[in-house]
Amino acid sequence: MLQIAQIREHKEAFATALKKRNIDAMPLLEKAISIDENRRSLQTQLDETLAQSNQLSKQIGGLFKSGKTEEANQLKEQTADLKTKSKSLGDELNQAVEELQQLLYNIPNIPQESVPAGNSDEDNEVVSQHGDIPQLHTDAQPHWELVKKYDIIDFELGNKITGAGFPVYKNKGARLQRALINYFLDKNTAAGYQEMQVPHLVNEASGYGTGQLPDKEGQMYHVGNDDLYLIPTAEVPITNIYRGDLLEEKDLPIAMTGYTPCFRREAGSYGSDVRGLNRLHQFDKVEILRIEHPDNSDGALDAMVVHVKEILEELELPYRILRLCGGDLGFTSSLTYDFEVYSTAQEKWLEVSSVSNFKTFQANRLKLRYRNADKGTELAHTLNGSALALPRILAGILENYQTEDGINIPKVLIPYCGFDKID
RNA sequence: GGAGAAAUGGCAGAGUGGUCGAAUGCACCGGUCUUGAAAACCGGCGAGGGUCACACCUCCGGGGGUUCGAAUCCCUCUUUCUCCGCCA
């Protein structure tokens, strides 16, 4: 959520920046400013009314104490007007606050300077590409065939137990998955990220904190009886650890990592994109998160990109890095780098990580602040990224490492797996 | 799931209708003293709104109510603790 004080000050600049998202935000921004002006005027009026009330109450108290009941009762009559007045001002104020809140909830984050213009994923900027795309043997297969052949992932079984998009990992497939999780967590903790195990269900306040609510309810599974949501990413519970906190400057940065399953309804998805492991309702992911001093968040984002690169290098997978264009940038992000692994048998790039700097956008919703050197409070910056998402990495490994007589295991994973080949 | 108790500032802990945004202690920050440190003493020390800055307003788990006036009384929700039951 953008800060209204900032909107007031940088209206033009914000509108210009938001054009990159292909939205004409000026009317929204101006509306926000006018609601806020009204809000402040109401606040002032209410304050004055309350001040009068308080004054009177004190007098009445004094009179009662000194036994002047008559006079006190007289004054009491005067309070009735003030009461109705403050009641109606209060209602109006709440309405204005609520209206402003709703409006602000619906304005996305300001893209950074470096975010390219564009409408869709086709306009994302390829920053760099790494690794060689392997030459596969002639009857190489996509991963959904391979997993059947080697009996390591069973989609049919998932259909039976739950429904489409909930695969069952079996045998060496399950073991490989577990190996990847451990490997990722080890890499992340070695880089200074504190490991966290967090709930997989979150309440509404947490959903608002990171920006999944109010608008993206449709993406999350909702448990009606208890009014909880299954997490679509570990970002939600882990970031919300610090919701409402006032940190000391010396506590920053805070770096955390966590493994969780992720649940996404993916309403409206269809076609070849959802084939096999490409898009699931439940998948595993290891996430890295940082809470940063505003001065350092840009550097922190770069460091996270380097960290994810290192993992992909060690896995020896061909990958590329994209800078998301304005049209493809997530609602809450100011700058996002996507990592894609080349899926050789499908001949397409699969997104395996998304690393973002949210600046103060989440922190403002979360009321996540730190005390700066001047003893003032300021919003912190939040960042997060996948390191990494499991299914598409798995797909990438299966497809890129396949040979005529089995699937090799990347060297770095062999100690975690306890085998070097799936055959 | 049943019965009871509780929720106050970073922590501990007073406060049961009226100058209480809140005693006191600890922690923390600044100063005096000291070669330096400790101790001692002095001062400061929650957040949000609002203002050029004051004034002023709001907040004692969340929400609602009673009252001229609520941290204090009532309702409700949430959470924690104790006991019982159940249980990985």
Side-chain angles (χ1 to χ4, degrees), chain A residues 1-9 32-101 103-104 197-209 213-214 223-229 237 240-252 254 261 291 360 362-380:
Chain A
M1 184 164 70
L2 300 177
Q3 299 165 76
I4 185 64
Q6 301 273 311
I7 293 178
R8 249 188 270 156
E9 241 174 280
I33 290 171
S34 101
I35 296 171
D36 184 54
E37 266 163 19
N38 184 234
R39 192 209 101 225
R40 281 185 293 159
S41 142
L42 287 166
Q43 181 79 63
T44 308
Q45 292 172 57
L46 176 63
D47 286 358
E48 278 165 9
T49 313
L50 288 174
Q52 286 177 43
S53 286
N54 291 343
Q55 197 66 29
L56 271 179
S57 289
K58 275 180 192 170
Q59 283 181 35
I60 292 169
L63 287 171
F64 271 124
K65 260 191 184 162
S66 51
K68 297 176 184 162
T69 321
E70 198 78 1
E71 286 178 57
N73 284 327
Q74 247 167 10
L75 275 187
K76 263 201 207 180
E77 284 164 28
Q78 293 182 33
T79 60
D81 271 359
L82 290 172
K83 245 187 146 177
T84 36
K85 194 173 168 194
S86 58
K87 178 95 175 74
S88 73
L89 281 170
D91 289 347
E92 278 185 78
L93 177 64
N94 286 340
Q95 221 169 44
V97 168
E98 179 63 21
E99 198 185 345
L100 181 61
Q101 179 87 326
L103 189 67
L104 293 179
Q197 281 195 23
V198 289
H200 301 163
L201 287 162
V202 293
N203 58 28
E204 197 177 53
S206 293
Y208 274 93
L213 296 176
V223 182
N225 277 348
D226 299 285
D227 201 17
L228 296 171
Y229 296 87
N240 273 282
I241 289 171
Y242 287 94
R243 168 154 46 89
D245 284 6
L246 177 54
L247 303 166
E248 295 302 326
E249 195 165 1
K250 65 174 163 53
D251 297 333
L252 300 175
I254 291 168
I291 298 169
T360 58
Q362 287 183 331
N364 191 30
R365 292 177 166 220
L366 292 158
K367 303 249 179 311
L368 168 48
R369 299 156 301 159
Y370 69 95
R371 207 187 302 272
N372 64 24
D374 311 325
K375 300 224 172 149
T377 62
E378 259 176 278
L379 293 173

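Chain letters run A, B, ... following the sequence lines, proteins first and then strands; every chain starts at 1.
Within the structure, salt bridge (charged side-chain N to carboxylate O under 4.0 Å, His left out) pairs that include any residue of residues 79-88 of chain A comprise A/Lys87-A/Asp91 (at least two apart or interchain).
The C1' atoms of B/G4 and B/A70 are separated by 26 Å, rounded to the nearest whole Å. Using P as the reference atom, B/G62 and B/G10 are 13 Å apart when rounded to the nearest Å. A gap of 14 Å separates the P atoms of B/G64 and B/U72, to the nearest Å. Comparing the P positions of B/U32 and B/A38 gives a spacing of 13 Å, expressed to the nearest Å. The gap from the P atom of B/G43 to that of B/C60 amounts to 30 Å, rounded to the nearest Å. Rounded to a whole angstrom, the distance from the C1' atom of B/A14 to that of B/G85 is 38 Å. B/A12 and B/U66 have their C1' atoms separated by 33 Å, given to the nearest Å. Separating the C1' atom of B/A5 from that of B/G44 is a span of 38 Å, rounded to the nearest Å.
Contact check of residues 41-55 of chain A against RNA chain B (heavy atom, cut-off under 4.0 Å) returns A/Gln43, A/Asp47, A/Leu50, A/Ala51, A/Asn54.
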What's touching nucleotides 15-18 of chain B from the protein side, N or O pairs under 3.5 Å?
residue, atom, partner, partner atom, Å
B/G18, N2, A/Ser57, O, 2.9

Polar-atom pairs under 3.5 Å, protein N or O versus N or O of nucleotides 71-80 of chain B: list them with distances, or write none.
none

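From A/Met1, atom CE reaches atom OH of A/Tyr208 across 11.5 Å, with rounding to the nearest 0.5 Å. With values rounded to the nearest 0.5 angstrom, A/Leu228 atom CG is found 9.5 Å from A/Ser206 atom OG. Remark: A/Asn364 CG to A/Leu2 CG distance equals 8.0 Å, nearest 0.5 Å. One finds the CG atom of A/Asn54 at 12.0 Å from the OG1 atom of A/Thr79 (value rounded to the nearest 0.5 Å). In this structure, A/Lys76 NZ and A/Gln78 CD are separated by 13.5 Å, a value rounded to the nearest 0.5 Å.
For the pair A/Leu247 CG and B/A47 P, the interatomic distance rounds to 14 Å; values are reported in whole Å. In this structure, CG of A/Leu379 is placed 14 Å from C1' of B/A47, rounded to the nearest angstrom. Note: CD (A/Glu77) to C1' (B/U67) measures 16 Å, nearest angstrom. Put simply, NZ on A/Lys87 is 16 Å from P on B/C68, counting in whole angstrom units. A/Glu204 has its CD atom 13 Å from the C1' atom of B/G62, to the nearest Å. In this structure, A/Glu378 atom CD and B/G48 atom C1' are separated by 16 Å, rounded to whole Å. Taking atom NZ of residue A/Lys85 and atom P of nucleotide B/C57, one finds them 15 Å apart after rounding to whole Å. Residue A/Glu248 contributes atom CD, which lies 10 Å from atom P of B/C29 at whole-angstrom precision.
Residues A/Ala32 and A/Ile4 come closest through the heavy atom pair O-CD1, 3.8 Å.
Nearest nucleotide to the A/Leu246 side chain, out of B/A47, B/G49, B/U67: B/A47.
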Go through the steps to decide whether A/Ile291 and A/Tyr242 satisfy the test side-chain contact (heavy atoms from CB on, under 4.5 Å), and finish with yes or no.
CA-CA 9 Å; A/Ile291 298 169; A/Tyr242 287 94; 3.4 Å; yes
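Within the shown strands, B/G49 is the pairing partner of B/C56 under the Watson-Crick or G-U definition, both distances less than 3.5 Å. Using Watson-Crick or G-U wobble geometry with both donor-acceptor distances under 3.5 Å, B/C68 finds its partner in B/G18. Base-pair partner of B/U34: not found among the strands shown (Watson-Crick or G-U wobble, both distances under 3.5 Å). Base pairing annotation: B/C28 forms a Watson-Crick or G-U wobble pair with B/G44, both donor-acceptor distances under 3.5 Å. Base pairing of B/G4: its partner is B/C81, meeting the Watson-Crick or G-U wobble criterion (both donor-acceptor distances under 3.5 Å).
Residue-to-nucleotide proximity on RNA chain B shows that, of A/Thr79 and A/Asn94, the 5′-proximal contact is made by A/Asn94.
Residue A/Arg369 places none of its side-chain N or O atoms closer than 4.0 Å to OP1 or OP2 of B/A47. Distances shown here put every side-chain N or O of A/Arg371 at or beyond 4.0 Å from the OP1 or OP2 atom of B/G10. Under 4.0 angstrom from either OP1 or OP2 of B/U67 there lies no side-chain N or O belonging to A/Lys76.
A heavy-atom distance below 4.5 Å is not found between the side chains of A/Asn240 and A/Val202. A/Ile7 is listed as a side-chain neighbour of A/Leu104, based on a closest heavy-atom distance under 4.5 Å.
Contacts of A/Ser53 classified as side chain to side chain donor-acceptor pair (under 3.5 Å), with partners at least two apart in sequence or in another chain: none. For A/Arg39, the salt bridge (charged side-chain N to carboxylate O under 4.0 Å, His left out) partners at least two apart in sequence or on another chain are A/Asp36.
Counting non-hydrogen atoms of other residues, nucleotides and ligands closer than 6.0 Å to CD of A/Gln197 gives a total of 12 or fewer. Heavy-atom neighbours of A/Gln6 CD from other residues, nucleotides or ligands within 6.0 Å: above the threshold of 12.
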